[in-house]
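Structure first, then comments.
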Amino acid sequence: MNRRKKIFTKLKKKDKKAKAKLHKSNKPAYISKADREKLAEQATNETVDTADKAKL
């Protein structure tokens, strides 16, 4: 019984890891504070550029 149990636990563990690898996380990727500031700055620059083009 012990040998059989060990084999089954190993196989279950292997299956669990394989399934976890296939499952994607719903958690968004981490973006550093500096990168967030750069993105925000680029977004404001784009809105200013489009506003200037609209005036012309």
Report, one line per pair, each donor and acceptor closer than 3.5 Å where one atom sits in a side chain of residues 6-21; sequence neighbours left out.
unit_1	atom_1	unit_2	atom_2	d
Thr9	OG1	Lys5	O	3.1
Thr9	OG1	Lys6	O	2.8

### Message
Does Arg3 have more than 12 heavy atoms from other residues, nucleotides or ligands lying within 6.0 Å of its CZ?
### Response
no
## Note on the structure
Members sharing Tyr30's hydrophobic cluster, built from side-chain contacts under 4.5 Å between Ile, Leu, Val, Met, Phe, Trp and Tyr, are none
### Non-neighbouring partners of Asp35 that pass side-chain contact (heavy atoms from CB on, under 4.5 Å), sequence neighbours left out
Ile31, Ser32, Lys38
